[in-house]
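Because only heavy atoms are used, hydrogens play no part in the values below, and waters and symmetry mates are left out as well, while side chains stay in. So that the names make sense, note that chain A is the first sequence line, chain B the second, and so on, each numbered from 1.
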There are 2 protein chains.
Amino acid sequence: MSETKRELILEAAMVLFEQRGFDGTTVPMIVDKAGVGAGTLYRYFENKEALVNTLFQECVNDVLETLNQSYPHDSNDSRKQFAHIAKQLVSYANKNLTALLFVDSHVNGYYLDEASQAAYMRLRTFFYEFIDQGKKNEIIRPLPADALIAIIDGAFISLYKSCRAGEIEETPELLAGVEEACWDAIRIH
Amino acid sequence: MSETKRELILEAAMVLFEQRGFDGTTVPMIVDKAGVGAGTLYRYFENKEALVNTLFQECVNDVLETLNQSYPHDSNDSRKQFAHIAKQLVSYANKNLTALLFVDSHVNGYYLDEASQAAYMRLRTFFYEFIDQGKKNEIIRPLPADALIAIIDGAFISLYKSCRAGEIEETPELLAGVEEACWDAIRIH
DNA sequence: CAGAACGGAATGAATATTCATTCCGTTAAA
DNA sequence: TTTAACGGAATGAATATTCATTCCGTTCTG
C-alpha cells in the first residue's frame with residue numbers, strides 16, 4: 001500500500017513534467033493529479049528536486065535495461081546490433097512513451113544531480129560503444145558519436161510524438177522505414 | 001534609443017530562456033541581465049508570456065528568412081535544395097546559435113500563443129514543401145515528413161550543442177559529413 | 001535666447017499572487 | 001492501543017506585476 005502512493009506520485013509527476021517541464025509543474029499540480037495530500041509527497045521525497053531526480057534515474061535505468069535485454073554485445077555485426085536497438089526502443093516506447101519523452105526533455109535540466117547525470121551517462125555509453133565498435137570496423141561513419149546518436153534519437157522521438165498526436169499511425173512498414181533511414185544515416189556507403 | 005532597451009531585454013531573455021527554459025527564468029533575472037529596471041520590461045511587453053512569444057516569433061521569422069534567401073524554389077533538384085538548406089542552417093547557427101537553440105527548445109511550450117504557432121508552422125511548411133517535392137520526384141523516402149525533418153533537425157542541433165560545449169570542432173569536413181549523413185537518411189537509395 | 005512647461009521613458013520599491021514546504025490533527029494498520 | 005501513513009490548511013519565501021515618482025530631452029513662451 002505504501003508503495004502505491006509513491007507510484008501514484010511518480011506517475012503523475014512524470015506526465016506533468018513531460019508536458020510542462022520541471023519548473024512549469026507545481027507541487028500542487030502533482031499531488032492533485034496523484035490524488036494525495038501535499039504532505040504525502042514529502043514522506044517519499046525530500047523535495048521537488050529529489051522527486052525529478054529519482055524519477056529521471058528510474059526511467060533512464062529502465063530504458064537502459066530494455067536496451068540491454070539480449071543485446072548481442074559480442075557480435076561484430078553492427079547492423080544486427082542496430083536492429084536490436086531499434087526493436088527495443090520501439091518496444092519501450094509502446095510500454096512507456098511518456099517515460100521516454102520525459103527523459104528526452106529533461107536531459108539538460110540544471111536540477112539534475114550527479115546520480116542522474118551518471119545514470120544518463122551510462123545510457124549514452126551504451127550507444128557510444130555501439131558506435132565506436134561500428135566505426136572501428138568501418139561500418140559506421142567517422143562522425144562525432146553525439147551527432148549520430150542525435151539522428152537516431154531525433155528520428156524516433158519525433159516519430160512517436162507524431163504518433164501520439166494522431167498525425168501518423170505506427171505501422172510495421174513505417175517503423176521499418178524509419179529504422180532504415182537511420183541506419184543509412186550512420187553507416188558508411 | 002528607445003529600441004535599445006527593448007533589444008537588451010530580448011537578448012537577455014533569449015539567453016536565459018535557452019539556458020533555463022521559460023519557467024526556470026524569472027523576470028528579475030531578465031531585467032538584471034539586461035541592466036534595466038523591472039518596470040521597463042512592462043513598457044515594452046505586456047507580460048512575461050508576451051515576451052517569450054514576441055521573441056519566439058522574431059527568431060522563427062529570422063530563421064525562415066535565412067532559409068529562403070536565394071532558395072531554388074523552382075528547381076527539381078532536391079539534392080541542390082538540401083545543400084542550400086544545410087548551408088543556410090550553418091550560416092544561421094554561426095550568426096545566432098542561441099536563437100536557434102531557443103526556438104528548438106521552446107517549440108512545444110504550453111505558453112506559445114496562436115501567432116507563435118502560426119509562425120512556427122510557416123517554418124515547418126518550408127520543410128514540408130521541400131520534402132513533398134522530393135517525394136513526388138521519388139528522390140526522398142516515402143516516410144512522414146515530421147520524422148525526416150526530425151532527423152535533420154536533431155543532427156544539426158546536437159552538432160552545434162557539441163560544438164558549443166567544446167566537445168568537437170566545427171570543421172568543413174565535419175559539416176560536410178553531417179550533411180551527407182542527413183541526406184543519406186532522407187533520400188531513396 | 002533663457003527657462004519654464006511638457007511628456008514619454010525609466011525606475012525600483014510596494015503589492016498581490018503563487019509556490020514549495022511544514023505542521024499537526026485525523027485515519028488506518030498492526 | 002500504539003504507531004505509522006496521510007491529508008490539507010498554514011506558513012513564509014519567491015515571483016510577477018503595478019504604480020508613484022524621477023529623469024531627461026523637446027517644445028513652447030515671454
**Q** Take the protein atom CG of A/Leu8 and the nucleotide atom P of D/dA5, then report the distance between them rounded to whole Å.
**A** 16 Å

**Q** Give the rounded distance in Å between these two atoms: CZ of B/Phe45 and P of C/dA10.
**A**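 The answer, rounded to whole Å, is 12 Å.
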
**Q** Heavy atoms only, 4.0 Å cut-off, all strands: where does B/Thr26 land among base, sugar-phosphate and nothing?
**A**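 Sugar-phosphate: the residue B/Thr26, judged by heavy atoms under 4.0 Å, touches backbone atoms but no base.
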
**Q** With respect to the phosphate group of C/dA10, does any side-chain polar atom (N or O) of B/Tyr44 fall under 4.0 Å of OP1 or OP2?
**A**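 The answer is yes; a side-chain N or O of B/Tyr44 sits under 4.0 Å from OP1 or OP2.
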
**Q** What is the separation between atom NZ on A/Lys48 and atom C1' on C/dT18, rounded to the nearest whole Å?
**A**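 In whole Å, C/dT18 C1' lies 12 Å from A/Lys48 NZ.
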
**Q** How many Å lie between CG on B/Leu16 and P on D/dA16, as a whole number?
**A**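 Distance, rounded to whole Å: 12 Å.
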
**Q** Would a line drawn from the ring center of B/Tyr71 to the ring center of B/Phe126 be shorter than 6.0 Å?
**A**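 Here the rings of B/Phe126 and B/Tyr71 have centres that are less than 6.0 Å from each other.
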
**Q** As a test of understanding, state which of A/Arg187, A/Arg79, A/Lys87 forms a salt bridge (Lys or Arg N to Asp or Glu O under 4.0 Å) with A/Glu179.
**A** A/Arg79

**Q** Looking only at side-chain N and O atoms, does B/Lys5 come under 4.0 Å of OP1 or OP2 in C/dT11?
**A**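 Looking at the OP1 and OP2 atoms of C/dT11, one of them is under 4.0 Å from a side-chain N or O of B/Lys5.
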
**Q** Applying side-chain contact (heavy atoms from CB on, under 4.5 Å) between A/Leu101 and each of A/Val103, A/Thr98, A/Leu97, report the one that passes.
**A** A/Leu97

**Q** Assuming nearest nucleotide by heavy-atom distance, tell me which of A/Thr40 and A/Phe22 is located more 5' along DNA chain C.
**A**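 Closer to the 5' end of DNA chain C: A/Phe22.
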
**Q** Under 3.5 Å, side chain of A/Glu18 to main-chain N/O of A/Met14, donor-acceptor pair present?
**A** no

**Q** Starting from P on C/dC19, measure out to CG on A/Leu41 and report it in whole angstrom.
**A** 15 Å

**Q** B/Gly37 or A/Pro28: which one's nearest nucleotide on DNA chain C is closer to the 5' end?
**A** B/Gly37

**Q** Indicate yes or no: does B/Arg6 engage B/Glu58 in a salt bridge with an N to O separation below 4.0 Å.
**A**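 Answer for the salt bridge query: yes.
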
**Q** Whole Å only: how far is the CZ atom of A/Arg20 from the P atom of C/dT18?
**A** 13 Å

**Q** Have a look at A/Val31 and say if it touches a base, only the backbone sugar-phosphate, or nothing, with a 4.0 Å heavy-atom cut-off.
**A** nothing

**Q** In whole angstroms, how far is the P atom of D/dA14 from the CG atom of A/Asp23?
**A**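 In whole Å, D/dA14 P lies 15 Å from A/Asp23 CG.
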
**Q** Any idea which of D/dA9, D/dT17, C/dA9 is nearest the B/Arg43 side chain?
**A**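 That would be C/dA9.
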
**Q** Quick check on D/dT17: is either OP1 or OP2 less than 4.0 Å from any side-chain nitrogen or oxygen of B/Tyr42?
**A** yes

**Q** Between C/dT11 atom C1' and B/Ile9 atom CD1, what is the distance in whole Å?
**A** 12 Å

